[in-house]
Amino acid sequence: MARFYLTTAIDYVNSRPHLGTAYEKVTADVIARYRRLCGVSTHFLMGNDEHSQNVYQRALELGLEPRAFCDQMEQVFREVWAKLDVSFDDFIRTTEDRHKLAVTALVQRIADAGDLYEGEYEGWYCVSCEAFKPDKDLVDGECSIHQTRPEWIKEKNHFFRLSKYRDRLLQHYEATPMFLQPDVRRNEMLRLLEGGLEDISVSRTGQSWGIPLPFDPSRVVYVWFDALINYIAAVGYATDDERFRAWWPADLHVVGKDITRFHAVVWPAMLMSAGLPLPKRVFGHGWVNWQGQRMSKSLGTSVDPLDAADRLGPDPLRLYLVKEIAYGHDGDFTWERFEERYNADLANNLGNLVNRVAVMAHKYRGGRLAPVPGAISQLADRAADVVRRYRVAMDEHQLHTGMAAAFDLVDATNEFITRSEPWVLARTPDRRAELDQALFEMAEAVRIAAILLWPAMPASCTEILRRMGQVGPISEIRLDRDTTWAGGERQIVKGSLLWPRI
RNA sequence: GCCGGUGUAGCUCAGUUGGUUAGAGCACGCGGCUCAUAUCCGCGUUGUCCGGGGUUCAAGUCCCUGCACCGGCACCA
């Protein structure tokens, strides 16, 4: 049976998730739901990254034990993901035993391969930050946060022989053009690889918050090296071989464009060193800006996803994120535009369509619809074409194109209603059959559109399907079988407005 | 500095491998319908597809160049 394992980045828990974080999870969720709809056995992983100094720092500020703080933040994150209907199958935290065991095992395996060595890391170190500062973070030689002069220090550290894997990585990029998408990101990584790689330090000294190196317990694994390993830890690496073989390698890592390097260079090199298969694909998505500006809490340019979901509903927010932003590109979010799209796509188009179809079905036929035997459908070809274009787009993660295709069917149905004029047919007794057929067709088209839009708007589309006479659980719907033009009698259900115009 | 991207209707953007009168949504104007959430349908207005040069029978779509804006350039989930 076909399977699909996809992941998102795990998040630092030092603050609440903002809309940009939610964007990543929602788009990944749409992909996961699409695969399930295709009948593919899907495993969707998310989680939290807890071994960061920022997190440790934040816990201390709040007077909490780091672990207790992380427990609290897990609830905060889970609440947001629940509100947005993000259907992950597993949620991993890097402080869990299964993760620690996997990190310990993988680091040991990389060491056994001869790819770790002791060296010295030197650089500007800000004592207040407890962190090394790259030059770009220094202003006039001072730490930009604390306005103090950092110290130049040397620290013994363990290094990973990243440079050793440069050629193999290049070969892999050549042989597997889809490994990193979109192409902008792939080109960036290719140039980086062509320029050569430097080894990276993978340990930190003098920190207790982290996972000890198996062969040097006085040091902990650097948070990045630690974090990446969650993708194998979650599916049983070092703890459940059978499960690990069943799910690894991942089919898709969904990550932000800022961290593609870690996923498309460092992570594959780690796996090569350990002799493990590489993930099939990495997708580096863009940013969601707020009124044209990069989202930032300190600048007051961030949006809380819960506020956005409360404003017009989780599904309208999800649709906005996947339909209005070309996946892989940066996009913009404003309240004005969110409301504009809500009114245009949902209130005026889809919502109004669902309502008018249900009302006509009841007004003219008591809610019971059935196609006329032998009648030729005027919408079936259009629906088939939409489904085809939708699948091509969704298979390649062109989520915005897939959504646009689905809305073409909504438009086609509204046009069809205007052309067939059911209200005229209803006044003409000898055109009963035409009315039967027209009513059936519009309901059938709406049913198909609702299935296509279900990955983006699960709750709303489940309700639309119910109203269009869908019987049986949503989980049993299959894209190929259930989006072909169907016959059969059905009972249409009326209901309150899904999306009142605002 | 090096590398890359973007620049298309008033606004937000889509435009596969170069091919007929350049598209969508919103906004605006006119017309139609009334089942529907004053919704829907049709028609229409505005574009030197950033400027300049070139290749081609043919370029928004390829090449060169100028301008403007943005991003990447390694220990930032």
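What's counted below: heavy atoms across the whole structure, side chains too, no hydrogens, waters or symmetry copies. Labels below follow one simple rule: chain letters A, B, ... track the order of the sequence lines, proteins then strands, and each chain is numbered from 1.
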What does [X] touch in the nucleic acid at a heavy-atom separation under 4.0 angstrom: a base, only the sugar-phosphate, or nothing?
| X | value |
| --- | --- |
| A:Asp11 | sugar-phosphate |
| A:Tyr23 | nothing |
| A:Phe225 | nothing |
| A:Arg389 | nothing |

Hey, what's the ring geometry for [X] with [Y], parallel, tilted or perpendicular (30° and 60° as the breaks)?
| X | Y | result |
| --- | --- | --- |
| A:Trp209 | A:His51 | perpendicular |
| A:Phe160 | A:Tyr165 | parallel |
| A:Phe77 | A:Trp81 | perpendicular |

Over all heavy atoms of both residues, which pair between A:Ala393 and A:Thr401 is shortest? Give the atoms and the distance, please. CB-CB, 3.8 Å
Sub-6.0 Å ring centroid separation between A:Phe159 and A:Tyr117: yes
Rounded distance in Å between the [atom1] positions of [N] and [M]:
| N | M | atom1 | result |
| --- | --- | --- | --- |
| B:U12 | B:G72 | P | 22 Å |
| B:U45 | B:G23 | C1' | 16 Å |
| B:C13 | B:G18 | P | 27 Å |

Strand contacts (RNA chain B) in residues 491-502 of chain A, 4.0 angstrom heavy-atom criterion: A:Leu497, A:Trp499, A:Pro500, A:Arg501
